[in-house]
Protein chains: 2
Amino acid sequence: MEDSKLTVRAVERALDIMLCFTGATELTLTEIASRVELHKSTVHRLLASLEGKGFVMRDAATDKYRLGYRLWELSANLSKEGDPGIILLPEMERLRDLLGETISLYVQDGLERIRIQAVQSTHAIRRVAPVGARMPLYVGASSKVLVAFAEPSLQQQLLASADWPAGLDQQAFLLQLSETKRAGFATSVEEREPGAAAVAAPILDHGGRLVAALAVSGPANRLTLEEMQAQAPLIMEAARRMGTMLR
Amino acid sequence: MEDSKLTVRAVERALDIMLCFTGATELTLTEIASRVELHKSTVHRLLASLEGKGFVMRDAATDKYRLGYRLWELSANLSKEGDPGIILLPEMERLRDLLGETISLYVQDGLERIRIQAVQSTHAIRRVAPVGARMPLYVGASSKVLVAFAEPSLQQQLLASADWPAGLDQQAFLLQLSETKRAGFATSVEEREPGAAAVAAPILDHGGRLVAALAVSGPANRLTLEEMQAQAPLIMEAARRMGTMLR
DNA sequence: TAACTGGGTTTCATATAGTGAAACATCATA
DNA sequence: TATGATGTTTCACTATATGAAACCCAGTTA
């Protein structure tokens, strides 16, 4: 009846439970139950399974649930030599020291973009999304990079599924995409936030596939368009080097 | 009949699939199936569920499975400000630069101890377990710290469940535990490996609860007992500072 | 002390939902 | 073209996850 069930419900529910910890470190069973919209007893059983394997743990003091250290361990296994967020950190810091601006790393995850690592600007002014934050794909330099260099099929899907805010010129965005692909980098000025600008370049793996977007961001008065275009080769080179470091 | 089934089999299986990636970045479906000892089709369905939520991904080139970036994101949620492994890294590097030896971070996970982060010694000689490695609890400085500062109930459980190798003096271990608790740090000389020594101190959270063990390890001829005792205050102070950084 | 509230845990009848054998598809290599 | 790896889908069977309700246990409150 339904569209093919090639997936396991109980597992998806358990994963949803883990995902619902975004924003909160500690949650009580009933809080979780209401977040994922399941009955207490079901959540309890799923949590027991997660806890048994170390994916969630309970705060001994408050008895609340929190994510477990097994996730930490696994995330270190994402890349051959360890957590990419750690591997690339030194390079990111070098770039930060060179440019003085905030350096961020974004990956595409499903239909969203998430910020997975960042080193802060040495300047006082720094207003950026926290690590782990999810963002829509239609604004910002890193978005353009992630969409422009995505696999064709995924790109289609991304463009189709985006709920474009009224008044946003989708045609212009597509144009920018091809420009990004051609130039090898993207810029944005006051797209997401007034007064903020960013340059981004793709990090590609051995096979030329997109892994992440490396972005330099700062206030628009420091990061003018000319400035950013001048920095672009430097950033692209850093991104290239990072790609080789991932394996 | 069986002992109470307060856990969900499908979920445990799915988690086992993720866990079986330890040591390997990329795995093929059949490799996974044999590792977890399940039939291809079952693994396939579980993997589909995991993939749908971004917990595993497939290398577009090789079509092999690997862990997904959602884990990265979630591990960043373990602590308020982000991945503890990343947060503490700078401090660990500072300590490494100061002492020149390998610095490791261990946490208790279930009944085992796992190594979650490390910065390598600047010296040539460095033979240490990889990040993510699991170790038994009855040897090593970090073990003593993790057991000595564990919650009383967990401590009981740990001591009871450990399968002590014949000839190991359990009484002596208990004595060392109380000494560790008193002194605030532990040492070990040639316990796990001949020629290796280590000092470890607990990292406690705001409420004084144990979070991890910070360990300095190196060859026993450099890290003599006197040397380690001299370094202990420094290490304890570093551990204390790290505790305050976690939230 | 009793009645209440809010958490977590356990039980149990029910049928839903996950299972694995086997068949199928796909792409190598021989 | 055969052969032997993969990954994918189907399908009949019943083992297995489900949620309502009952239960427990600590704090409140009256």
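Within every chain, numbering begins at 1; the chains are lettered A, B, ... in the order of the sequence lines, protein sequences first and strands thereafter.
Going from atom CG of A/Leu38 over to atom C1' of D/dT18 covers 10 Å, rounded to whole Å. Between the CZ atom of A/Arg45 and the C1' atom of C/dG18 there is a distance of 14 Å, given to the nearest Å. Atom pair B/Glu37:CD and C/dT19:P shows a separation of 16 Å (rounding to whole Å applied). A straight line from CG of A/Leu46 to P of C/dT10 spans 15 Å, rounded to a whole angstrom. Taking atom CG of residue B/Leu47 and atom P of nucleotide C/dT19, one finds them 12 Å apart after rounding to whole Å. As a whole-Å value, the separation of B/Glu12 CD from C/dT19 P is 12 Å.
Applying the 4.0 Å criterion to OP1 and OP2 of D/dT18, one finds that A/Arg13 has a side-chain N or O inside that range. Between B/Arg9 and C/dG18, a side-chain N or O to OP1/OP2 separation shorter than 4.0 Å is absent.
Listed by chain and number, the residues in a side chain to side chain donor-acceptor pair (under 3.5 Å) with A/Glu12 are A/Thr7 (sequence neighbours excluded). For B/Glu51, there are no side chain to side chain donor-acceptor pair (under 3.5 Å) partners two or more places apart in sequence or in a different chain. The side chain to side chain contact (heavy atoms under 4.5 Å, CB included) search around B/Arg9 returns B/Arg13, not counting sequence neighbours. Residues that satisfy the side chain to side chain donor-acceptor pair (under 3.5 Å) test with A/Glu179, not counting sequence neighbours, are A/Arg182.
Of the possible polar contacts, one joining the A/Ser49 side chain to the B/Val8 backbone as a donor-acceptor pair under 3.5 Å is found. Judged by distance alone, the side chain of A/Gln155 and the main-chain N or O of A/Val147 form a donor-acceptor pair under 3.5 Å.
For B/Val8, counting side-chain heavy atoms from C-beta on, the closest listed nucleotide (D/dA17, D/dG19, C/dT19) is D/dA17.
A distance of 10.5 Å separates CE of A/Met242 from CD of A/Glu237, quoted to the nearest 0.5 Å. In this structure, OG1 in A/Thr180 is found 7.0 Å from CZ in A/Phe149, a value given to the nearest 0.5 Å.
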Legend entry - Contact letters for nucleotides 25-30 of chain C, in which S counts primed atoms plus P, OP1 and OP2 and B counts the base, heavy atoms under 4.0 Å: ------

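Taking atom P in both C/dT14 and D/dC13, one finds a spacing of 22 Å when rounded to whole Å.
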Would you tabulate the pairs of protein nitrogen or oxygen atoms and nucleotide nitrogen or oxygen atoms of nucleotides 5-9 of chain C closer than 3.5 angstrom?
residue, atom, partner, partner atom, Å
C/dG7, O3', A/Thr28, OG1, 3.3
C/dG8, OP1, A/Thr28, OG1, 2.7
C/dG8, OP1, A/Leu29, N, 3.0
C/dG8, OP2, A/Thr28, OG1, 3.1
C/dG8, OP2, A/Thr30, N, 3.1
C/dG8, OP2, A/Thr30, OG1, 3.1
C/dG8, N7, A/Lys40, NZ, 3.1
C/dG8, O6, A/Lys40, NZ, 2.8
C/dT9, OP1, A/Arg58, NH1, 3.0
C/dT9, OP2, A/His44, NE2, 2.8
C/dT9, OP2, A/Tyr65, OH, 3.4
C/dT9, O5', A/His44, NE2, 3.1

Legend entry - A/Asp16 and A/Leu38: CA distance, side-chain angles, deciding distance, side chain to side chain contact (heavy atoms under 4.5 Å, CB included) verdict: CA-CA 11 Å; A/Asp16 281 334; A/Leu38 291 172; over 6 Å; no

